[in-house]
Amino acid sequence: MEKLPKIGLPIIVILILTIVMLAKSAVTIDAGHAGVLYETLGDGVDSDKAPLGPGFHLILPWNKVIDYETRQQEVPETMSVLSSNGLDIKLDASVLYEPDVINLGRLHNQKGENYLNRVLQPAIRSAARSVVGRYTPEQLYSSKRDAIQEEIFQETEKIVKDQYINLKSILIRDVTLPNTIKEAIERKLRQEQESLEYEFRLVTATKEAEKVRIEAQGKADANRILSASLTDKILQDKGIDATLKLAESPNAKIVVVGSGDDGLPLILGNN
């Protein structure tokens, strides 16, 4: 009976060690993540090995897995940059990115888990300084925002594309100018709008006046042509036609042919 505890103790120890080793060997990777296998007794991370995908995995207990999120991620970025005339401009942006899953081992070996701060954010700031420095505050505040956003994206992408980071998009949320500059730009924009409205009214009035002139000229030309075509003979004939129509009326009247001025008929009524 005294030997039973001595025999049972090693078994308990073995069981405990087995459980610990199994716990260290079992790795579960969540959806939207991937794992880089670090071989402690080997050469660390093998860049040529594919990363471990989502699901359950068994590894040697002395190795470990570094977890990376592979879904598209967003990081807000606030930058202070200078415009072409040296004014301080603040940009609020959102950066959408994800790691290159196929080259996750290379990303880990060359950049490490903190690749966002080491690579992506410095690249964005460098590109923003370069792009914004080409534009005036007026352009940044109004018409050029979309173009600036696209240029920052393109320049950032050139920097990070060979560093195993997939840049998806850069969105400029806000451009903040010094208050005095902002007020001056808004005042200038209002003046330009008022000027455009005045020019529109002026053009409209000019066109309306031209329309009236053309209509008046048309009427004058028509009257001139009509006057030129009305001879005394034509007027007499028209007068006779009108007299004949009046003579057919039931109203009592006397028609004296050829007794009026210019030989036109003279009509005498009851009165």
Side-chain angles (χ1 to χ4, degrees), residues 23-82 88-135 145-176:
K24 285 183 170 292
S25 299
V27 175
T28 301
I29 297 176
D30 294 333
H33 290 247
V36 174
L37 180 63
Y38 183 88
E39 298 175 335
T40 305
L41 302 180
D43 296 326
V45 175
D46 186 349
S47 299
D48 295 327
K49 279 189 177 181
L52 303 178
F56 179 79
H57 301 272
L58 285 174
I59 63 172
L60 295 175
W62 49 84
N63 293 338
K64 64 178 181 178
V65 173
I66 300 98
D67 185 89
Y68 279 84
E69 185 173 0
T70 57
R71 289 174 293 205
Q72 179 174 285
Q73 301 166 65
E74 177 183 1
V75 59
E77 188 68 25
T78 300
M79 297 168 282
S80 181
V81 292
L82 298 179
D88 185 48
I89 310 295
K90 288 185 179 179
L91 295 181
D92 285 332
S94 287
V95 183
L96 304 179
Y97 70 97
E98 62 186 31
D100 183 356
V101 178
I102 296 175
N103 293 298
L104 203 55
R106 292 182 174 85
L107 175 64
H108 180 81
N109 282 336
Q110 297 181 25
K111 311 302 174 185
E113 297 176 71
N114 198 22
Y115 66 91
L116 174 63
N117 295 331
R118 290 180 177 176
V119 179
L120 189 54
Q121 288 179 320
I124 295 167
R125 293 165 187 163
S126 174
R129 285 193 297 268
S130 174
V131 171
V132 173
R134 304 170 193 161
Y135 293 94
R145 182 175 299 191
D146 290 342
I148 292 166
Q149 177 176 282
E150 181 62 24
E151 288 182 31
I152 292 176
F153 172 80
Q154 291 176 356
E155 293 208 12
T156 306
E157 189 178 38
K158 289 179 183 177
I159 298 173
V160 304
K161 69 177 182 178
D162 294 329
Q163 302 194 59
Y164 317 116
I165 300 172
N166 295 328
L167 186 65
K168 295 298 183 179
S169 180
I170 294 178
L171 306 175
I172 303 299
R173 297 194 307 268
D174 190 32
V175 177
T176 304

*If a pair satisfies ring pair (Phe, Tyr, Trp, His ring centres under 6.0 Å) and one of its residues is in residues 107-134, list it, with sequence neighbours excluded.*
Tyr68-His108
In residues 35-43, what donor-acceptor pairs under 3.5 Å come from side-chain atoms, sequence neighbours left out?
| unit_1 | atom_1 | unit_2 | atom_2 | d |
| --- | --- | --- | --- | --- |
| Glu39 | OE2 | Lys49 | NZ | 2.9 |
| Thr40 | OG1 | Trp62 | O | 2.4 |

_Minimal non-hydrogen separation, Gln73 against Pro99, with atom names_ = NE2-CD, 3.9 Å
Could you list the residues that satisfy salt bridge (Lys or Arg N to Asp or Glu O under 4.0 Å) with [X], not counting sequence neighbours?
X	value
Arg106	Asp48
Glu98	Lys168
Glu157	none

_Going by the rule side-chain contact (heavy atoms from CB on, under 4.5 Å), which residues pair with Ser130 if we only count those two or more places apart in sequence or in a different chain?_
Arg134, Glu155
*Let me know which of Leu167, Ile148, Val131, Leu171 forms a side-chain contact (heavy atoms from CB on, under 4.5 Å) with Phe153.*
Leu167
A side-chain contact here means heavy atoms from C-beta on lying under 4.5 Å apart; do [X] and [Y] qualify?
X	Y	value
Gln163	Lys111	yes
Leu91	Val132	yes
Val175	Lys90	no
Thr156	Ile159	no

*Do Ser80 and Asp88 have side-chain atoms, one donor and one acceptor, less than 3.5 Å apart?*
yes
*asked:* Using the side chain to side chain donor-acceptor pair (under 3.5 Å) definition, which of the options Glu150, Lys158, Glu151 pairs with Gln154?
replied: Glu150
*Donor-acceptor pair, Asp30 side chain versus Pro54 backbone, under 3.5 Å?*
no
Set of side chain to side chain donor-acceptor pair (under 3.5 Å) partners for [X], sequence neighbours left out:
X	result
Arg129	none
Ser169	none
Ser94	Glu74, Arg173
Thr28	none

*Can you pull the salt bridge (charged side-chain N to carboxylate O under 4.0 Å, His left out) pairs that have at least one residue in residues 60-69, sequence neighbours excluded?*
Glu69-Arg71
_Set of ring-ring contact (aromatic ring centres under 6.0 Å, His included) partners for Tyr97, sequence neighbours left out_ = none
*Got more than 12 heavy atoms from elsewhere within 6.0 Å of CG, Leu82?*
yes
*CD1/Ile152 to CD1/Ile124 distance, rounded to the nearest 0.5 angstrom?*
9.5 Å
